[in-house]
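Below is one structure, written out as structure tokens; comments come after it.
Side-chain atoms are counted along with the backbone in the values below, which use heavy atoms only and exclude waters and symmetry mates. Each chain gets a letter, A, B and so on, in the order the sequences are listed, and its residues count up from 1.
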2 protein chains.
Amino acid sequence: MGGFSDPIVTAGVAGLPALYAAGISPIEVAEAYLARIERLNPAINAVVELDGASARAQARASARRWAAGEPLSPIDGAPIAVKANIAVEGLAHTAGIKAYARHLAQTDAACVARLRAAGAVILGTLNMHEAALGATNDNAFLGRCENPHRAGFTPGGSSGGSAAAVAAGLCAAALGTDTMGSVRLPSSYCGVVGYKPALGAIPTEGVTALSWTLDHVGVHARSVEDAGLVARACGVEAPAPAQDRPLAVLDFDGLATLEPAVAEGFARTLEDLSRAGWRLEKLRIDDLDLGALRRAGLLISEVEGGIEHRRALALDPEGFTPQLRSLLAWGARQPPAKLAEAYRLICESRRRILALARLYAAILSPTTPQQAFAFDRAVPASQADLTALGNVLGAPALALPSGEASGLPLSLQVIGMTDGTTQALAARLSEALPSAAVPEAFR
Amino acid sequence: MGGFSDPIVTAGVAGLPALYAAGISPIEVAEAYLARIERLNPAINAVVELDGASARAQARASARRWAAGEPLSPIDGAPIAVKANIAVEGLAHTAGIKAYARHLAQTDAACVARLRAAGAVILGTLNMHEAALGATNDNAFLGRCENPHRAGFTPGGSSGGSAAAVAAGLCAAALGTDTMGSVRLPSSYCGVVGYKPALGAIPTEGVTALSWTLDHVGVHARSVEDAGLVARACGVEAPAPAQDRPLAVLDFDGLATLEPAVAEGFARTLEDLSRAGWRLEKLRIDDLDLGALRRAGLLISEVEGGIEHRRALALDPEGFTPQLRSLLAWGARQPPAKLAEAYRLICESRRRILALARLYAAILSPTTPQQAFAFDRAVPASQADLTALGNVLGAPALALPSGEASGLPLSLQVIGMTDGTTQALAARLSEALPSAAVPEAFR
């Protein structure tokens, strides 16, 4: 994803060391992003808390390290922002919930601490769907986050601010979280790379839990290379050569209804991959019910999320929207047998599908059954049907931009087996895919 | 564990091919075990349903294969019996619950089918604690199973019949199931090897579930070699050389109260291992609460077990003992938040402890905090405190006989990382341990 007028933004993460070598300093890089945030963020409301003074201090420290020839890592100096459910010392740690408006993080989340240890410049926090439990990012407390590709359209969620900020060039990369698709889904709607590493590959300490069973921390970036660099700074393993196995194309006939534009785009993508020499095989998973898996994940999230927020719900119920309160109260009312059946479905599906998936290099599908839609349209229930599979499996999964239809992004989901092989595979796959367009108003 | 007067029984599983080579046929082997069952089982009530005609037919088929020089596997002809919660075609599949007294299995459980495909002779089914939810095997429906080492003493449970039958030489090996220790615990009380492979290593299809989160199928045998042969016939991986890492000795100070005889026996075992050249390091796991893990596992079992038996509970409540009915009803009454917290504790403990355990070849502890006890003694709540750790981790774990105190067996628990390395390690460890005594009345 090149196409920005400013070469600093076009450089993303991986291109920054070349700029430093050409005499541009991390201080100029940070200033470029801070200026863009000031100028462009009001149109989309992706950034919710900016820490300019701290970002400038971090950038100066990075500049000194590069000048001394001692950068901490390849991402030293890269300006990164994080979803508002990830603790950044001194900033409000709200998870998009008003009840936590005055809750300042005392320490960095483990993933933020790792980014800082790698020299990244932490810019601030990003908009999200309230409590990460929903996928429109129409947040009453933080304000609605807009899709940079079209005003009045959802960026998706729950990490909508993260995907929108990366697509609009307001940061070089961003962290998000993904319980049923919350990194990949908004990446699909906003046309950026969304990388959810395997369960536990990035620690969740210091992240407001939605579900300790399904939560993953992930990365939004403008290329697979950038996403991999940031993920590795957070502790994810390095790319590794994959075995020569075919790609499985998930046969979702009867499993998911795709919007026509998504179905046509996916067919074109498969043709592109075929032409580029990839071996594709249809994979039918018997008795797979994506809707049932998504509903099981939702129930687990409502119960586990309700436990996470139990104290605040009791002390300040008005600090939660009635919609969220009602979801969490519904979870708390379900009989334990229903919750146990949900865990059972997840656990048994994981074992069964992983046994099949091991025969392939990866499983391909569209990332979402639909493209971004207008805020005034009814929210489709199936938004996370294709992404939730990656959380059920606990397997690494990426959303890769794969062109556009009617001016809105399309996205290919790649579910792999290990983080090393999946990064290497995604890098090669993305070479065969059309590059993502920069949203016009943000070039 | 040699010491039987009959060389056929002393041969266990691994020694049978040498007997066949010496002209003893699988038919004589089967007849020897059938005769022992007829003569010796009444004293302990370990075998609950015997299928002599089928066993003889299987033995004849095995004899033909060995005569033709075409055995199906190294265990072809080995007489094996299975716990009553594992389906054997045509036999009652009761899980020790009276409500299922007339429930005949239509097909073999997957693990039994694998044993048959390897040529094993399936003798019949074995006593167990009702529903596998308890550890004394004082079963009102099937009758009490006695410890072969001492009349009036529990063999442990829930796979009490499996451990007792193997210790008494009524079968060459047995299958059991292990949700919180149900293979290893009775193996400890009866002085046999109990091997619970990693979660999912032996399929659970056709096994009455107690908990699909924690259930494992495992093997009881008179040596590590025998247990490994049977486990591998069920699909478990082959032994693999382990990396040179120290053994972790679980520091359970404040975590579990050991009977003095168990504590002294364990100290002697560690001295034996030290003298044999093993490197031992104390492993303290901060904030570990074994009792809390066991209670979480129990709650999950009560809820998940209640779902498994929902239909029978509704149709024939009197087919369950009042004790079991009350445990399952209690599970069904708990709020979902309590169940979710139990899953959370299991899931978070697994991740945290595995990260520590990876630095060691294995974690050692006594298998149980106590030795076998008299049926009229109060049942200690802590019976499964040390074994449940293996189920929480989903890691391979063995109970290894480690001598005796006051004429009753002692046992060492070995929790490893992979099935391959754990089998290889356990075989070497057992060389340094005193061999188990054959119960006097069964020699």
Most chain A-contacting option - heavy-atom pairs closer than 4.5 Å, from B/E348, B/E304, B/R351: B/R351
Among the options B/K338, B/R310, B/E341, pick out the one with the most heavy-atom pairs lying under 4.5 Å from chain A. B/E341
Interatomic spacing from CG in B/L345 to CH2 in A/W212 - rounded to 0.5 Å: 11.0 Å
Report which part of B/I300 has an atom under 4.5 Å of a heavy atom belonging to chain A: side chain, backbone, both, or neither. neither
For chain A, which residues from residues 316-337 of chain B lie under 4.5 Å away (heavy-atom distances)? B/G331, B/A332, B/Q334, B/P336, B/A337
So what's closer than 4.5 Å to chain B heavy atoms on A/E308: side chain, backbone, both or neither? side chain
Quick check: closest heavy atoms across B/V303 and A/A340, and the distance to 0.1 Å? CG1-CB, 3.6 Å
